[in-house]
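Hydrogens, waters and symmetry mates are skipped; everything else that's a heavy atom, side chains included, is used. Note that the structure is predicted; figures quoted are calculated from it, not measured.
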Amino acid sequence: RDRPYIDTISRKDLNLSYIQEKQLWDHVVRSSILYPNASNVIDYFSFNESSWNTSLVDFVNHNKSVLKFVRPKNEDIYNDNLMSNFFNSTIEQSSLENDVYKEILRGVNRYFKKGFTIQGISKDKINILIDLRVIRFTKESLINIRELYSDNLIYFISNNIDRYLEIIDNEEIYNVCLLYTSPSPRD
């Protein structure tokens, strides 16, 4: 019913929270009229059963030059559970362009306190997680990166060298890392 009106809007200044008829949200996200901000991205994510879909990925990738992702302040709407789901789902979203991925995760401002066991993340995106300190340098995360993302291990250590030097005082961790980096015996 309101779709003809929505189709006449030409500026990118529409917020999903102002549209009461949620059946129109899909159309608005696919159009060029939605303002690219964190509230709209998270609102649509929540509306979409707390998952990224092609429309949302396309929306943020298309608006990467103007997307400024600042976590919304309203704790009643953007509660810890929603933000945790959004964070974890974003970590695994391989279709996001790297600069968009980085912008969103920087704005969410969350991190993994102990270890990082999510599998299947690309090398570039793991490096982004390391740069943003989303993957904190702990004994657990060092072991996880070694086992799951060996191509990123040197990058992870070099970006956290002070913490690495503290951790290798623990002989067990040192030996595990030494085994990984030791040259193989020659025949």
Side-chain angles (χ1 to χ4, degrees), residues 12-142 144-145 148-149 152 156 159-160 163:
K12 287 187 177 193
D13 61 358
L14 194 60
N15 283 305
L16 286 177
S17 62
Y18 298 138
I19 302 172
Q20 294 178 0
E21 294 182 38
K22 291 188 176 187
Q23 70 270 20
L24 296 173
W25 283 21
D26 286 319
H27 176 69
V28 170
V29 168
R30 285 190 303 269
S31 71
S32 298
I33 57 175
L34 188 63
Y35 184 68
N37 66 12
S39 296
N40 283 332
V41 171
I42 297 169
D43 286 347
Y44 188 73
F45 172 85
S46 178
F47 165 74
N48 197 51
E49 299 176 6
S50 291
S51 68
W52 285 86
N53 67 7
T54 304
S55 296
L56 185 56
V57 169
D58 290 347
F59 171 72
V60 295
N61 283 340
H62 178 74
N63 288 289
K64 66 183 173 188
S65 64
V66 293
L67 179 68
K68 298 295 180 233
F69 202 92
V70 177
R71 181 180 173 165
K73 300 286 186 222
N74 188 336
E75 294 293 326
D76 293 334
I77 297 172
Y78 306 103
N79 59 50
D80 195 51
N81 188 46
L82 173 60
M83 293 309 297
S84 179
N85 288 339
F86 180 74
F87 172 72
N88 288 321
S89 186
T90 302
I91 294 288
E92 297 181 52
Q93 187 47 250
S94 62
S95 300
L96 289 173
E97 293 181 16
N98 287 344
D99 47 352
V100 170
Y101 187 80
K102 187 173 189 173
E103 175 67 22
I104 291 172
L105 290 172
R106 179 184 294 127
V108 172
N109 195 25
R110 286 180 166 257
Y111 56 89
F112 291 93
K113 296 175 186 173
K114 294 182 179 178
F116 183 79
T117 58
I118 299 173
Q119 298 181 31
I121 311 295
S122 73
K123 182 178 180 178
D124 289 345
K125 286 187 171 40
I126 289 294
N127 284 346
I128 291 169
L129 298 177
I130 292 167
D131 290 341
L132 294 175
R133 305 273 192 256
V134 169
I135 304 172
R136 297 294 165 104
F137 200 92
T138 63
K139 293 174 188 177
E140 295 88 357
S141 62
L142 179 59
N144 296 146
I145 293 296
L148 300 173
Y149 298 100
N152 300 83
F156 187 52
N159 278 278
N160 295 281
R163 185 73 181 114

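- Remark: F59 pairs with no residue by the ring pair (Phe, Tyr, Trp, His ring centres under 6.0 Å) rule, at least two apart or across chains.
- Under the side-chain hydrogen bond (donor to acceptor under 3.5 Å, both in side chains) criterion, W25 pairs with no residue, sequence neighbours left out.
- Among residues at least two apart or in separate chains, ring-ring contact (aromatic ring centres under 6.0 Å, His included) pairs with a member in residues 112-134 are F87-F112, F112-F116.
- Legend: residues meeting salt bridge (charged side-chain N to carboxylate O under 4.0 Å, His left out) with K22, ordered by chain and number and at least two apart, are absent.
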Output a table of donor-acceptor pairs, distance under 3.5 Å, between side-chain atoms of residues 120-135 and any protein atom two or more places apart or on a different chain; print 'none' if there are none.
residue : atom : partner : partner atom : Å
S122    : OG   : K125    : N            : 3.2
K125    : NZ   : L96     : O            : 2.7
K125    : NZ   : N98     : OD1          : 2.7
N127    : OD1  : N152    : ND2          : 2.8
D131    : OD1  : Y155    : OH           : 2.4
D131    : OD2  : Y155    : OH           : 3.1
R133    : NH1  : N159    : O            : 3.2
R133    : NH2  : N159    : O            : 3.1

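- For R163, the salt bridge (charged side-chain N to carboxylate O under 4.0 Å, His left out) partners are E166, not counting sequence neighbours.
- T138 pairs by the side-chain hydrogen bond (donor to acceptor under 3.5 Å, both in side chains) definition with E140, S141, not counting sequence neighbours.
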Using atom types as modelled, flag every donor-acceptor pair under 3.5 Å from a side chain in residues 42-49 to any protein atom, sequence neighbours excluded.
residue : atom : partner : partner atom : Å
D43     : OD1  : Y78     : OH           : 2.8
D43     : OD2  : Y78     : OH           : 3.3
Y44     : OH   : D26     : OD1          : 2.3
Y44     : OH   : N53     : ND2          : 3.2
N48     : OD1  : N53     : ND2          : 3.3
N48     : ND2  : S51     : O            : 3.1
N48     : ND2  : S51     : OG           : 3.3

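- Residues meeting the side-chain contact (heavy atoms from CB on, under 4.5 Å) test with S94, sequence neighbours left out: none.
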Quick one: do V108 and T90 satisfy side chain to side chain contact (heavy atoms under 4.5 Å, CB included)? Show the steps, please.
-> CA-CA 10 Å; V108 172; T90 302; 5.8 Å; no
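- Here salt bridge (charged side-chain N to carboxylate O under 4.0 Å, His left out) pairs that include residues 56-66, with residues two or more places apart or in two chains, are K64-E97.
- No more than 12 heavy-atom neighbours from other residues, nucleotides or ligands sit within 6.0 angstrom of CD on Q20.
- Among residues at least two apart or in separate chains, salt bridge (charged side-chain N to carboxylate O under 4.0 Å, His left out) pairs with a member in residues 105-118 are D80-R110, E103-R106.
- When the salt bridge (charged side-chain N to carboxylate O under 4.0 Å, His left out) test is applied to E92, no partner is found at least two apart in sequence or on another chain.
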